[in-house]
Amino acid sequence: MRLQEAANCEFEVCHTSRKNPLPGYDYLEDLDGDLKFSLYFDGGSERKLQIKNLRKDLCKVHTTWSVVA
């Protein structure tokens, strides 16, 4: 899976938000209509981008680790 796949998503603006500029989402689905991930564009002054609901089963795992308490 590549984030570049989101280039053809349709941007959905959150018109009910009080932020300016308005925040919004892009949703990327697979061929079956299941969500692969979503992108949230924060409309606040920092204009952050969040990757949400990322399906790990579609990602290439490079390494894993565990933390011993």
Side-chain angles (χ1 to χ4, degrees):
M1 176 175 55
R2 296 175 188 257
L3 291 175
Q4 289 129 331
E5 293 179 57
N8 298 320
C9 289
E10 191 169 324
F11 187 65
E12 184 177 303
V13 177
C14 300
H15 293 286
T16 58
S17 176
R18 288 186 240 170
K19 292 184 178 181
N20 188 11
L22 293 172
Y25 283 92
D26 276 336
Y27 300 99
L28 184 67
E29 299 174 342
D30 62 16
L31 295 175
D32 296 324
D34 297 321
L35 186 66
K36 287 183 171 185
F37 63 88
S38 59
L39 298 175
Y40 172 67
F41 297 90
D42 184 339
S45 60
E46 295 179 17
R47 299 186 181 157
K48 299 179 292 286
L49 169 64
Q50 296 178 35
I51 301 170
K52 295 184 157 207
N53 305 307
L54 180 63
R55 286 181 38 200
K56 187 177 175 184
D57 65 308
L58 299 175
C59 297
K60 183 177 184 177
V61 178
H62 295 278
T63 189
T64 60
W65 64 91
S66 61
V67 177
V68 180

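Just so it is clear, the values below take in all heavy atoms, side chains as well, and ignore hydrogens, waters and symmetry mates.
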Is Leu49 linked to Val13 within one hydrophobic cluster, defined over Ile, Leu, Val, Met, Phe, Trp and Tyr using a side-chain heavy-atom separation of less than 4.5 Å? yes

Give the cluster check for Leu22 versus Phe41: same hydrophobic cluster or not, with ILVMFWY residues linked at side-chain heavy-atom distances below 4.5 Å.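 In one cluster with Leu22: Phe41, yes.
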
Decide yes or no for Asp26 and Glu12: does some side-chain heavy atom of the first lie under 4.5 Å from some side-chain heavy atom of the second?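 No, their side chains stay 4.5 Å or more apart.
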
If you compare all heavy atoms of Pro23 against all heavy atoms of Phe11, which two are closest, and at what distance to 0.1 Å?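 In this case the closest contact between Pro23 and Phe11 is C-CZ, 4.4 Å.
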
Determine the minimum heavy-atom distance between Ala6 and Leu39, stating which atoms define it.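 Ala6 and Leu39 have their closest heavy atoms at CB-CD1, 3.7 Å.
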
Rounded distance [0.5 Å steps], CZ in Arg18 versus CG in Asn20: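 Reported value, rounded in 0.5 Å steps: 13.5 Å.
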
Has the side chain of Asp42 got a donor or acceptor atom that lies under 3.5 Å from a matching backbone atom of Arg47? no

Does a salt bridge link Asp30 with Arg55, judged by any charged N lying under 4.0 Å from a carboxylate O?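 Yes, this pair counts.
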
Whether Lys36 and Glu5 form a salt bridge (side-chain N of Lys/Arg under 4.0 Å from carboxylate O of Asp/Glu) is what I want to check. yes

Intermediate values then yes/no, side-chain contact (heavy atoms from CB on, under 4.5 Å), Leu28 and Phe37: CA-CA 6 Å; Leu28 184 67; Phe37 63 88; 3.3 Å; yes

Should the pair Tyr40 and Tyr25 be assigned to parallel (<30°), tilted (30 to 60°) or perpendicular (>60°) ring geometry? tilted

